[in-house]
Amino acid sequence: MEVVIVDRPGDGAALVAGAIAALVALRDAPVLGLATGGTPQPVYDRLADDCSAGRLSLAGASAFLLDEYVGLPAGHPASYRQVIEREVVARTDLRSEAVHAPDVAGEERELPAACARYDDAIDAAGGVDLQLLGVGSDGHIGFNEPGSSLGSRTRLKTLTARTRADNARFFDGDPEAVPHHVVTQGIGTILAARHLVLLAWGDGKAEIVARLVEGPVSASVPASALQLHHHVTVIVDEPAASRLERAGYYRETWASKPAWQGI
Ligand code: PGA
């Protein structure tokens with residue numbers, strides 16, 4: 001696991017945009033895994049800048065979202081499909097038809113079949129090349145809350161009260177307006193991507209970053225499952241890195257890394 005400590009989230013976003021540009025140069029039809037929440041926003045801002053300046057094109061890319069709320073009215077502004085339409089599709093040349101989100105439109109009892117189809121669609125696209133991830137303050141990735149099976153596939157999950165409180169800011173500050181249920185890629189689904197890039201900003205994430213990077217692998221900290229993957233980049237700012245015991249080593253390693261290697 002590579003840990004990169006940056007001065008500002010914008011510096012981390014530049015690294016991710018560079019990795020996406022390298023992927024676009026390498027593959028005809030790159031597959032991106034997109035996350036939502038506040039954390040990836042600097043990356044989406046940077047991708048928008050790079051596309052409008054003609055430095056990057058996502059026209060040949062496709063994308064799969066990590067998760068989606070269940071039970072929101074179609075087109076609700078907080079639905080993750082809408083967030084990605086607004087923050088990525090409207091601001092880059094990524095095609096709306098090339099963006100896939102878990103299908104939550106049917107009856108709840110139809111969801112298991114829709115979840116299986118979503119995993120199949122990821123496989124049929126050749127798998128995700130680069131998966132962006134945030135981390136919840138409780139250690140979730142996607143919406144895999146503590147206790148999630150480390151081998152899980154896309155499925156229905158129930159949010160913890162803590163996550164609903166954390167996400168109330170996207171629902172006019174009302175935790176009761178945050179749905180209880182979501183569909184999320186499983187931890188096993190996420191681990192099948194070829195490159196995982198987890199981002200975390202601010203001291204509110206310092207403790208969970210230390211646990212996911214340096215603590216034991218445990219379903220109690222779903223993000224710790226990243227320790228099992230062969231290509232993981234954790235990009236954090238100084239406040240989010242403040243509880244890492246080996247921060248000095250991570251800085252030394254990054255400072256001496258040949259520039260051509262990228263992340
Ligand atoms: P945040 O959420 O980016 O809004 O902090 C992270 C997450 O829940 O994965």
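Read the numbers this way: they start at 1 and go in the same order the structure lists the ligands and their atoms. For reference, positions follow the sequence shown, starting with 1.
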Does a side chain donor of either [X] or [Y] reach within less than 3.5 Å of an acceptor in the other side chain?
X	Y	answer
Asp138	Thr163	yes
His195	Thr233	yes
Arg162	Asn167	no
Thr158	Glu145	no

Using a 4.0 Å cut-off to any heavy atom of [X], which atoms of ligand 1 qualify?
X	value
Gly37	3 (O), 4 (O)
Gly38	1 (P), 3 (O), 4 (O)
Gly134	9 (O)

Looking at [atom], what's its closest protein heavy atom, distance included?
atom	value
atom 3 (O) of ligand 1	Thr39 OG1, 2.4 Å
atom 4 (O) of ligand 1	Arg169 NH2, 2.7 Å
atom 5 (O) of ligand 1	Lys205 NZ, 2.7 Å
atom 6 (C) of ligand 1	Val135 O, 3.5 Å
atom 8 (O) of ligand 1	His140 NE2, 2.6 Å

message = Using the side chain to side chain donor-acceptor pair (under 3.5 Å) criterion, which residues pair with His180? Sequence neighbours excluded.
response = Arg164
task = Dump the intermediate steps for ring pair (Phe, Tyr, Trp, His ring centres under 6.0 Å) on Tyr69 and Phe170, then the final yes or no.
result = CA-CA 12 Å; Tyr69 291 111; Phe170 301 115; 8.6 Å; no
